[in-house]
Amino acid sequence: DPVLVLSTSDAGVDAGERSVLPGAEPAKRPTLLLDTLDVSAYANVPLTDSDRIAPLRAGNTAYVLYTSGSTGRPKGVAVTHEAIVNQVAWFTEKFDLTDFDIVLWKTPATFDASVWELFVALWVGAPLVVAEPEGHRDPAYLSALIDEQSVTVVQFVPAMLPVFIAEIPVGGYGALRAVFTGGEALGGEVAQRMRDAVPGVEVHNLYGPTEATVQLSS
């Protein structure tokens, strides 16, 4: 059961206020506002086990995401540090991501596919372009953003891909080199339309349940 709520001052919560989590039982929990936190008294050096209330190990939980799976009932999936490190290491090596890439982070953080968008950029030291809230629903906005920011790596669910393709400018983009899809079946005709719209782009169809830490190549 959560013992602390992490928030920011623009969320309308006062520092130290006792907050109630949406949809939870009416138990109140303390709130910590991250953007007003004073960390000036702490040294800018890597943390060690002596700084923590308990040792941090590879088998510890890194995050929890909820998925309905095949039951229709949400269930929390706890993913370990070693699992997400393995996923990111595999992804960057498999698809040759480097600090020359520019990654678009547009997937909501409640969806497991957002994990690689965030961490692969940090892993290789690549620039990360963060889409505006709800921007993932607007193909015209995404197309303009990819063009303006010279994005090289992006992902879409297959159902969104045909709508996005309709917004691609004639001749494609100057930088986009790889498009990833997952979560649904990707038809060969849609994949070819993507390749035709952006000459030279790679289209990768990935799949994997949350329990397998995001996805695998298919």
What pairs of donor and acceptor atoms, side-chain ones from residues 179-186 against any protein atom, are under 3.5 angstrom apart with sequence neighbours left out?
from	atom 1	to	atom 2	distance (Å)
Thr181	OG1	Asn205	OD1	3.2
Glu184	OE1	Ala159	N	3.0

Under the criterion side-chain contact (heavy atoms from CB on, under 4.5 Å), I'd like the reasoning laid out for Val85 against Trp123: C-alpha separation, chi angles, the key distance, then a yes or no. CA-CA 9 Å; Val85 166; Trp123 184 275; 3.7 Å; yes

With sequence neighbours excluded, residues passing side-chain contact (heavy atoms from CB on, under 4.5 Å) with Ala58: Glu82

Where do Pro158 and Pro162 come nearest, in terms of heavy atoms and distance? O-CD, 3.0 Å

Looking just at side-chain N and O atoms, do Gln87 and Thr213 make a donor-acceptor pair shorter than 3.5 Å? no

Between Asp35 and Ser9, is there a side-chain donor-acceptor contact under 3.5 Å, judged purely by atom types and distance? yes

Quick one: list whatever passes ring-ring contact (aromatic ring centres under 6.0 Å, His included) with Phe164, sequence neighbours left out. Phe156

With Asp138, which residues qualify under side-chain contact (heavy atoms from CB on, under 4.5 Å), at least two apart? Ala140, Tyr141

Check Leu128 against Ala121 and note the closest heavy-atom contact, atom names and distance. CD1-CB, 3.9 Å

Give the cluster check for Val45 versus Val39: same hydrophobic cluster or not, with ILVMFWY residues linked at side-chain heavy-atom distances below 4.5 Å. no

Do Gln149 and Leu104 pass the side-chain contact (heavy atoms from CB on, under 4.5 Å) test, and can you show the C-alpha distance, the side-chain angles, and the key distance before you say yes or no? CA-CA 9 Å; Gln149 299 297 323; Leu104 177 59; over 6 Å; no

Could you work out, with side-chain contact (heavy atoms from CB on, under 4.5 Å) as the rule, every residue matching Thr48, not counting sequence neighbours? Ser50, Asp51

Short side-chain to backbone donor-acceptor contact, Asn60 and Arg57, under 3.5 Å: yes

Among Val154, Val151, Val103, find the one that has a side-chain contact (heavy atoms from CB on, under 4.5 Å) with Val129. Val151

Arg195 and Arg193, any side-chain heavy atoms less than 4.5 Å apart: no

Check whether Ser143 reaches the backbone of Glu167 with its side chain - one donor and one acceptor, N or O, closer than 3.5 Å. yes

OG-CG distance between Ser7 and Leu34, expressed to the nearest 0.5 angstrom: 7.5 Å

ILVMFWY cluster, Val157 and Tyr207 together (side-chain gap under 4.5 Å): no

So, for Val203 and Met194, which heavy atoms are closest and what is the spacing to 0.1 Å? CG2-CG, 3.7 Å

Could you see if Leu176 belongs to whatever hydrophobic cluster contains Val124? Use Ile, Leu, Val, Met, Phe, Trp, Tyr and a side-chain cutoff under 4.5 Å. no

For the residue pair Thr210 / Tyr66, report whether a side-chain donor-acceptor contact shorter than 3.5 Å exists. no

So OG1 of Thr31 and CG of Leu4: to nearest 0.5 Å the spacing works out to 7.0 Å

Trp105 vs Trp116 side-chain heavy atoms within contact, under 4.5 Å: no

If you round to the nearest 0.5 Å, how far is OG1 of Thr8 from CG of Leu37? 12.5 Å

Where is the tightest heavy-atom contact between Leu142 and His136, given as atom of each residue plus distance? CD1-O, 3.8 Å

Distance (rounded to the nearest 0.5 Å) between Met160 CE and Arg137 CZ: 9.5 Å

A quick test of your reading: do over 12 heavy atoms of other residues, nucleotides or ligands sit less than 6.0 Å from CD of Glu93? no

What one should report as the nearest heavy-atom pair of Phe119 and Ile84 is CD1-CG1, 4.4 Å

In terms of hydrophobic clusters joined by side-chain contacts under 4.5 Å, are Phe100 and Tyr173 together? no

Side-chain heavy atoms under 4.5 angstrom apart, residues restricted to Ile, Leu, Val, Met, Phe, Trp, Tyr: same cluster for Leu56 and Val79? no

Only residue of Thr152, Asp96, Asp101 satisfying side chain to side chain donor-acceptor pair (under 3.5 Å) with Arg177 is Asp101

Can you measure from CG (Leu65) to CZ (Phe111) and round to the nearest 0.5 angstrom? 10.0 Å

Checking Asp196 now: which residues fulfil side-chain contact (heavy atoms from CB on, under 4.5 Å) with it, not counting sequence neighbours? Gln192

Rounding to 0.5 Å, atoms CG (Asp147) and CD1 (Ile168) come to a distance of 10.5 Å

Would you find more than 12 non-hydrogen atoms of other residues, nucleotides or ligands less than 6.0 Å from Tyr63 atom OH? yes

Full working for side-chain contact (heavy atoms from CB on, under 4.5 Å) between Leu206 and Gln155: CA-CA 10 Å; Leu206 307 179; Gln155 75 169 328; 6.0 Å; no

